[in-house]
Engineer: 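Provided herewith is a single structure, encoded as structure tokens, for subsequent inquiry.
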Amino acid sequence: MAAAAAAAAAAGRARRGAPMYSKELMSKKRDEFEDILEERRVSSDLRYAMKCYAPVIYKGLSPCKPNAIKSAVLQSEQVQYVIKQLAKETGESPDIIQEEAMEILDEMGHSMQLGAVRFFAFTLSKIFKRLFQRVCVNEEGMQRLQQAIQEHPVVLLPSHRSYIDFLMLSYLLYTYDLALPVIAAGIDFLGMKIVGELLRRAGAFFMRRSFGGNRLYWAVFAEYVKTMLRNGYAPIEFFLEGTRSRTAKTLTPKFGLLSIVMEPFFKREVFDTYLVPISISYERILEESLYAYELLGVPKPKESTSGLLKARRILSDNFGTIHIYVGQPVSLRTLASGRINRCPYNLVPRHLPQKPSDDIQEFVSDVAYKMELLQIENMVLRPWVLVAAVLLQNLPAVDFELLIEKTLWLKGLTQTFGGFIEWPDNLCAKKAITSGLALHSNIARLVDGHVVLNDKGTEDGAVGEIIFKRALAVLMCGTYRNQLLNVFVRPSLVVVALQMTRSFRKEEVYSCFSFLRDVFSDEFIFFPGISLKDFEEGCFLLTKCGAIQTTQQEIYPTDKGSVVISFLSAMFRPFMEGYQLIFRYLSKEAKETFTEKQFISGVRNFVFQLLEKGNTQCYEALSSDIQKNALAALVQLGAVKKKKMTNGFTYSINQEAVNKILDMFDSRIPVQKPVAARL
Amino acid sequence: MAAPAEEAAGSGSGSPSSARRRLSIISGHLRGSPWAPGREGPSPSPCKAWGAPAGPASGSIPKKRQELLKWNGWGYNDSKFIFNKKGQAEFTGRRYRLGGMVLPTFKEWIEKTFGASLEHKSTSRASLNVNDVPPSIISEEFLQDLIATKISYSQDAEDRVFRAHGHCLHEIFALREGIFRRIPDIVVWPVCHEDVVKIVELACKHSLCIIPFGGGTSVSSALECPEEEKRTIVSLDTSQMNRILWIDEKNLTACVEAGIVGQDLEKQLAESGFCTGHEPDSMEFSSLGGWVATRASGMKKNIYGNIEDLVIHIKMVTPRGIVEKNCQVPRMSTGPDIHHFIMGSEGTLGVVTEVTIKIRPVPEYQKYGSVVFPNFERGVACLREVAKQRCAPASIRLVDNAQFQFGHALKPQVASIFTSFLDGLKKFYITKFKGFDPNILCVATLLFEGDREKVLQHEKQVYDIATKFGGLAAGEDNGQRGYMLTFVIAYLRDLGLDYYVIGESFETSVPWDRVLDLCRNVKERIVRECKEKGVQFAPFSTCRVTQTYDAGACVYFYFAFNYRGISDPIHVYEQIERAAREEILANGGSLSHHHGVGKLRKRWMKESISDVGLGMLRSVKEYVDPNNIFGNKNLL
């Protein structure tokens, strides 16, 4: 084991760009925040919208008209090559395919116009001032960004929790007189008639959600992005998570766009590329209830302009403070140093489409995870997040004083674990929590000195209705607790592993930890391939807060650590139980083969019945997010096979394997992780 | 010698003076180069070769190289950049066109570019401290055998140190401020092929290490003695094997001893009205054998070809025996060409003794030219088009803006108000009228050669292409000065070294579509590495495209920086050069276009030619030289 661990450690080391953990992180000083709305509240929005806007650009390059970019893309060797190939294969005339490419470009391309930008600047000022109390930005981050934009092409990688994200980011860059980014937005926006067009003029470009099969689309899209990047016309912005996280928990990254923007560097068409992780955290998320409904299977309304207008009533609501932390620009060149075998790029003309080699794919994935971990690291946590975490462990009601005490205790623990807590200025705990409750009165309220979830409403409704309401409240509350999870996941999984193995032997605990890490690999963000480092990190943090003691061979919980240990394990219990329920469903109830849709409704019914009977309290298992993640994990563990059919994917169960995993979860058999066997 | 050449040049009325001046660069080296016979050892025994003059011809480079050449820098003792009493830069000596001229703007350029100051001088040791030199270790038996062969030799410290190095920065730096840990134990001067055979036999018998030495212009650490070499190291100086053995006018070939240096070869061929046309920048000092051993490339390769195109037959002495072909034919299909084991072998297999090389009649007419482009991108596009149309002149080079400004700073004081007025007018036309930004524009220099008619026709074709890429003809004089600078630029490093500025050049070859990216990225990498390594003043980092091919180009980088405040400048320099080479490779450039690998670039050989490729070369070495007599450790 020792040798194996050493080997794993070596593998971890060899993987450059692995995240730096809290030992280094503790000493890290974070920047101060400035409220950008403050000035908006005292001076004219109109003048602000009409201000002289002369953003710095990449090495003094003169900006280029959108149409010139489009024709450059169309005439590029890359696109022309694919057009010729397709013409040869399909027998279609190249002119017709060229037309098609032009249409794709028109559908996709941005047409940034200053007028539209100014219109947005004006309206967004109005809207943001009504919606939010404050919009806080780390100014030093903005200065670093300004510097970066002049040096090398820049890719902005914000977290994605709300549609507000990209509006806010463009607004922010405009405010700081920086070049507006071109944004890769999902094409469903185009359904919003006027807004879609406005967005386009404000610099958004649109990508179809899936275009894996369409080579022409891929070629045009990739070339469009790369042309923007190579020439440094504007920063490229997209979301690593691919879509808005409905749970406020960082989604596992998508690699397609990231590998496109990295390619010009791999081919040395640019000297370097800066990746800028940006963490946007909302005190209250605009779409919170929408998300909860969606997770419970009430379909999401299609984006439409009228839908947006209906959402206008939210304008009268208060959504608290937004914190935007612009991270340190990360040099792709530095990340890639020593990792990339340059041969594949030297031996093929650069305009030919090339499947990335395995080490490139691994590298792209590593970078994606690293960027997400950086986003997480700088994600601001508000007091309400702590309150939500405490409240969910004390349902149905918790004494207000106890809540304050526990929240303060959790604040300390979070900081020990490297969480970035931003406590409202000079507010005592009581006031801070009261104001949090006021802001989130739709989720919880104070009744007779006790804080309770807002899950009643329909007391006299049917049982199903009650459960649904309650699930809604739990999921909404969970959205806030979830913001803590990625900070807590490493020590917590050590604790869970310690309890599951009922052993103090480090080796066994690690084996179980590693198993859990694999099972939850889609649920939480782990840097690939450094299980041992994660384990050591978890142990280190637990030791630091006095919850455990470790020797060379063993791990002991300390007496005073029991509070921490039980809190951490309770925090992750919904996931442990949720997965357990899902595995149980698969092992008992599911058909041999099924689609994802069938699976989700199957699990939902299964859990619903258990909740009705009172056999479980795990409302979160109703969340389609957990269900999908669990399924994806099983696919990765080889317990479920995913097959591509003509109409989507189908899944088939390996019953034995699922049972085995379930048994491990139920602690009926000791964890014999497949990974451990590999070690 | 110069007579026929000048006559030929004179017949071109287009620019007789410039052509003559160009040739005088070469002929200038002729004057005052006494051949000093070796002091030690018996006088050389005349070698017999049919139809060749008996005894070694007197070449430009004496056995006692230090009598003519700098012991701690580049080139001739009498030629160097100095700052005169008025603080103006000046180039001394009469060998070059620049000789004796004052360069009024050069000082300012140095101060501006490097942040260097004339007050801060770092002077070299005045002379070699003989006591520092590692002793010569030689067995008495070998010495007796050697004396019996009557081959000239020397154990003198200066002679040995002079052959312990090439012209890499660290080597020159070591001469100025330190000493080499390992140098040859003895220098031998064979005068003919048979002498070399005897020396190699002795080396095998006594288990010695031989390091062949030609012109000593290596910039790949190829001449450095491996420190761990315990055997006696024999430096085999080929400089006295410098005769043209015969000229075959029917087939236009000449058989030449490999020790001849470029200027002597051209000079002696010119006496019969011929030339090889092979003109590497080092041609004053580098030798035919050295060209073969490093796969050299000449400035005028567009007409005459690179060394591999020029060579018809090679004779090489190896520990296994003599390797050569049985005939002197333009091409043969007899398996892999054994010449290609020899060319680029960098002294690891044996000593090249005689080479049959193609010759051409001395061209009737030469004409320089230059074109200004609004920016480097357009310039490269133009060169690419010229290459595509296969109409490249004898030489076409494109310098970037930094190098253009550098060339400008080396402009001598103008003789008359009229010239300076004309210069001003030209500048006005280009920058104001044509709107070229003097901080972006770049210049291509051209050299045409051949029949007068054809040259003029050719010239028009090239200028027409240039016009399509926004180029403006900028006169013969600028072109000619560009080529002249090629020869004196090597002297500049010695000046820099006096003022805390160190620098070097390096080269690569790259496909056309990657030229721009490679140039930009490598320059940027250098700037960035300097910053990271604590270099206080931004470095001089510049490039030029020096050769065009069908499929790509040769790119040359100059890189220099002010090292004040850095404790170990050579180490920092080497780290940066290494990073620059990494960058070149990552951009799809080659490990080397013509400088070779030596010991400096060995680490990248495997990546460059694959494991199997390296194994192929190793197996040749193992067969040819199983006991590693040629143990300079280059290449593999």
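A quick note: this is a predicted structure, and the numbers were derived from the prediction, not measured. Letters go in sequence order (proteins before strands), and every chain restarts at 1.
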Engineer: Does the pair R528(B) and D272(A) meet the rule for a side chain to side chain contact (heavy atoms under 4.5 Å, CB included), with working shown?
Structural biologist: CA-CA 11 Å; R528(B) 192 189 249 224; D272(A) 198 354; 3.1 Å; yes
Engineer: Do D517(B) and K267(A) meet the salt-bridge criterion of a basic N to acidic O distance under 4.0 Å?
Structural biologist: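 No, this pair does not count.
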Engineer: Identify the heavy atoms of N587(B) and N346(A) that sit nearest to each other, and give their distance.
Structural biologist: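 Nearest pair, atom of N587(B) first, then N346(A): C-OD1, 4.1 Å.
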Engineer: Does any part of the side chain of D513(B), heavy atoms only, come nearer than 4.5 Å to the side chain of H351(A), both counted from C-beta?
Structural biologist: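 H351(A) vs D513(B): side chains apart.
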Engineer: Run the salt-bridge test on R333(A) and E583(B) with the 4.0 Å N-O cut-off and return the result as yes or no.
Structural biologist: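 So R333(A) pairs with E583(B) through a salt bridge.
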Engineer: Out of L585(B), L518(B), L516(B), which one racks up the most heavy-atom pairs below 4.5 Å with chain A?
Structural biologist: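 When all of L585(B), L518(B), L516(B) are compared, L585(B) has the most.
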Engineer: Take atom NE2 in H340(B); do more than 12 heavy atoms of anything else shown fall under 6.0 Å from it?
Structural biologist: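 Count over threshold, so yes.
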Engineer: For a quick test of reading the model, state the closest non-hydrogen atom pair linking N521(B) to R268(A) and the distance between them.
Structural biologist: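 The pair with the smallest heavy-atom distance is ND2-O, 2.9 Å.
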Engineer: If you compare all heavy atoms of E269(A) against all heavy atoms of R520(B), which two are closest, and at what distance to 0.1 Å?
Structural biologist: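 Shortest heavy-atom contact: O-NH2, 2.7 Å.
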